[in-house]
Amino acid sequence: MVARENAEAKGRRYLVEGRLVVREINGDTIRACCRGGGTFYPLGHDPGRGWWCECPARSTCAHLHALRAVTIAPLREAAA
C-alpha cells in the first residue's frame with residue numbers, strides 16, 4: 001500500500017523540486033506562481049484577500065503550503 005501525500009508534504013516537495021517562484025514581496029503583499037499538475041497557478045497574499053491561490057483545490061492547497069513555508073515563520077519561532 002502506498003501512502004497518499006497530504007497537501008503539506010506535497011508543498012514541501014514542490015519547494016525541493018523548485019516549482020515555486022516568488023515574484024514580489026512588498027509589505028503585506030506577496031505574489032508568486034507554482035507549478036502543479038503541469039499548470040502554473042498564481043497565488044499570494046494581500047491584506048484585503050488574505051492567502052489565495054487560483055488552483056481548483058477546495059481547502060489549503062500544496063501551493064499555499066509551499067509559499068507559506070518560505071514567507072512566514074513557524075508559530076514556535078514567532079512566539080519566541
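Below, all heavy atoms of this structure are taken into account, side chains as well, without hydrogens, waters or symmetry copies. Position 1 is the first residue of the sequence; numbering continues from there.
Listed here is the closest heavy atom pair of G44 and L64: O-CD2, 4.3 Å. When all heavy atoms of C61 and A7 are compared, the pair lying nearest together is C-CB, 4.2 Å. Nearest heavy-atom pair across P47 and D28 is CG-CB, 3.7 Å.
Hydrophobic clustering (ILVMFWY, side-chain heavy atoms < 4.5 Å, transitive): I30 and V21 are in distinct clusters. Both W51 and I25 are part of a single hydrophobic cluster, where members link through side-chain heavy atoms under 4.5 Å apart.
To the nearest 0.5 Å, the span separating CG on L67 from CG on L43 amounts to 5.0 Å. To the nearest 0.5 Å, the span separating CG on N6 from OG1 on T60 amounts to 12.0 Å. With values rounded to the nearest 0.5 angstrom, E24 atom CD is found 7.0 Å from T29 atom OG1. For the atom pair Y14 OH and L20 CG, the distance stands at 11.0 Å (nearest 0.5 Å).
The backbone N or O of Y41 lies less than 3.5 Å from no partner atom in the side chain of H63, so there is not a single donor-acceptor pair.
The salt bridge (charged side-chain N to carboxylate O under 4.0 Å, His left out) analysis of residues 11-20, with sequence neighbours excluded, yields the pairs E5-R13, E8-R12, R13-E17, E17-R19. Residue pairs satisfying the salt bridge (charged side-chain N to carboxylate O under 4.0 Å, His left out) criterion with at least one member in residues 29-47, sequence neighbours excluded, are listed as follows: R31-D46.
Heavy-atom neighbours of R23 CZ from other residues, nucleotides or ligands within 6.0 Å: at or below the threshold of 12.
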